[in-house]
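A short worksheet on the structure shown next.
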Amino acid sequence: MECSIFFSGTACSSSINSFVDPISDKVVMAEKLCAKRLQKEFRALCKEPVPHIVARPSPNDILEWHYVLEGSEETPFAGGSYYGKIKFPPEYPYKPPGISMTTPNGRFITQRKICLSMSDFHPESWNPMWSVSSILTGLLSFMMDTSPTTGSVTTTDAEKRSLAKASLAFNCKNPTFRKIFPEYVEKYNKQQAPEQPPQELPSPAPPREAESRPLVNRKPKQEHVHGADTQKAEMKNKQQSFPTWMLLLIFSIFGFVMALPLLQI
């Protein structure tokens with residue numbers, strides 16, 4: 001009789017066609033209440049996210065939630081992204097969910113239910129006021145602890161750090177994780193992209209003096225230089241020809257003076 005509580009709503013509807021079962025009616029009502037409660041909690045998480053925690057229901061099943069816990073700073077789990085699942089019973093919030101972790105973490109055995117006061121390991125301690133956010137906050141706090149429990153493992157801090165470093169790459173190999181948490185996939189892809197140092201543009205070489213001046217000034221300068229060279233050459237020629245001319249004049253005057261007495265005779 002107890003197993004019939006876990007029938008799905010479809011199965012209960014087919015049973016009602018044959019006979020009236022008060023337990024089936026209770027299951028349908030419980031599932032409706034559970035779905036309404038989980039939808040409300042999801043809206044609350046979207047409105048006020050919890051630090052280091054991301055949780056979303058499966059697109060095909062409101063009773064199956066997927067979560068990611070981010071390792072707290074100053075712990076061996078820092079930098080890690082730990083993916084897991086929460087399975088809610090149709091009677092939630094009056095019965096606790098089952099919790100498991102998929103990512104190797106060094107604290108809990110993967111793919112096995114974790115013993116927690118907020119999990120179905122301890123239904124006697126369950127409080128209907130607890131929610132998805134309080135469940136995962138308690139799980140994250142318990143993960144940072146070292147107390148042994150059912151489903152826990154003992155590892156060194158170095159092993160935990162190594163698993164934390166490899167956690168995101170491990171998660172991105174999971175198709176369900178990639179579908180539900182695309183932002184973590186994008187983060188992983190950015191980490192994998194090769195880091196290219198910014199390319200420094202070569203500093204421009206100082207312009208040559210001739211090239212830096214306007215073209216309109218080049219020709220006059222060349223003409224000016226050419227004219228100065230011509231003047232220097234002419235002056236040099238004059239300087240060279242001036243002594244010869246003077247010598248000829250002197251010799252002519254001297255010859256004339258010497259010839260005067262002869263002309264008087």
### Closest contact, heavy atoms only, Gln191 versus Leu168
OE1-CD2, 3.8 Å
### Message
Applying a strict under-4.5 Å side-chain criterion to I, L, V, M, F, W and Y, I'd like to know whether Phe42 and Val68 cluster together.
### Response
no
### Message
Please check: side-chain N/O of Arg107 versus main-chain N/O of Phe142, any donor-acceptor pairing under 3.5 Å?
### Response
yes
### Task
Quick one: pull up OG1 in Thr103 and CG in Leu163 and give me the separation to the nearest 0.5 Å.
10.0 Å
#### Entry: Nearest atoms (heavy-atom pairs only) where His122 meets Cys115
NE2-SG, 3.2 Å
### Query
Quick one: do Glu183 and Arg56 make a salt bridge, cutoff under 4.0 Å?
yes
#### Entry: Identified side chain to side chain contact (heavy atoms under 4.5 Å, CB included) counterpart of Pro96 within the set Ser125, Pro89, Pro128, Pro123
Pro123
### Message
Measuring from atom CZ of Arg43 to atom CD of Gln39, what distance do you get when rounded to the nearest 0.5 angstrom?
### Response
6.5 Å
### Message
Check for me, please, whether Leu69 and Val153 land in the same ILVMFWY cluster - side-chain distances under 4.5 Å, paths through other members count.
### Response
no
### Message
Quick check: do Lys87 and Asp61 have side-chain heavy atoms less than 4.5 Å from each other?
### Response
yes
### Message
Could you see if Met118 belongs to whatever hydrophobic cluster contains Met143? Use Ile, Leu, Val, Met, Phe, Trp, Tyr and a side-chain cutoff under 4.5 Å.
### Response
yes
### Non-hydrogen atoms of Gly106 and Thr155 that approach each other most closely
O-OG1, 2.6 Å
#### Entry: Side chain proximity check, Tyr184 to Glu70, heavy atoms < 4.5 angstrom
yes
### Message
Just to verify, what does Asp145 make a side-chain hydrogen bond (donor to acceptor under 3.5 Å, both in side chains) with, not counting sequence neighbours?
### Response
Ser147
### Query
Taking the side chain from Thr137 and the backbone from Ser133, do they hold a donor-acceptor pair closer than 3.5 Å?
yes
### Query
Got a donor-acceptor contact below 3.5 angstrom from the Ser119 side chain to the Ile114 backbone?
yes
### Message
Using a 3.5 Å distance criterion without hydrogens, assess whether the side chain of Ser162 forms a donor-acceptor pair with backbone atoms of Glu159.
### Response
no
### Message
So does Pro93 get a backbone contact from the side chain of Trp130, meaning a donor-acceptor N/O pair under 3.5 Å?
### Response
no
### Task
Can you spot which of Val132, Ile99, Val54, Ile53 makes a side chain to side chain contact (heavy atoms under 4.5 Å, CB included) with Tyr67?
Ile99
### Task
Taking all non-hydrogen atoms of both residues into account, name the closest pair between Lys113 and Gly98 and its distance.
CE-CA, 4.4 Å
### Task
Taking all heavy atoms of Asn105 and all of Lys160, pick out the closest pair and write down the distance.
O-CG, 4.1 Å
### Task
Look up atom OH in Tyr94 and atom CG in Leu33, then write down how far apart they are to the nearest 0.5 Å.
5.0 Å
### Query
So how far is it from Glu64 CD to Phe88 CZ, rounded to the nearest 0.5 Å?
10.5 Å
Under 3.5 Å, sequence neighbours excluded: what are the donor-acceptor pairs made by side chains of residues 72-85?
| residue | atom | partner | partner atom | Å |
| --- | --- | --- | --- | --- |
| Thr75 | OG1 | Ser72 | O | 2.5 |
| Thr75 | OG1 | Phe77 | N | 3.3 |
| Tyr83 | OH | His66 | ND1 | 2.8 |

### Query
Quick check: does any side chain N or O of Ser134 sit under 3.5 Å from a backbone N or O of Ser131, one acting as donor and the other as acceptor?
yes
### Task
Group every Ile, Leu, Val, Met, Phe, Trp and Tyr by side-chain heavy-atom contacts under 4.5 Å, then state whether Ile109 and Leu140 land in the same group.
no
### Task
Identify the two heavy atoms, one from Thr102 and one from Phe170, that lie closest to each other, and give their separation to 0.1 Å.
O-CE2, 3.6 Å
#### Entry: Heavy-atom check, side chain of Glu91 versus side chain of Cys34, under 4.5 Å
no
### Summary
When rounded to the nearest 0.5 Å, the distance separating CD of Gln111 from OG of Ser100 is 6.0 Å
### Query
Between CG of Leu38 and CD1 of Ile86, what distance do you get to the nearest 0.5 Å?
9.5 Å
### Query
Is Phe121 reachable from Ile135 through a run of hydrophobic residues whose side-chain heavy atoms are each under 4.5 Å from the next?
no
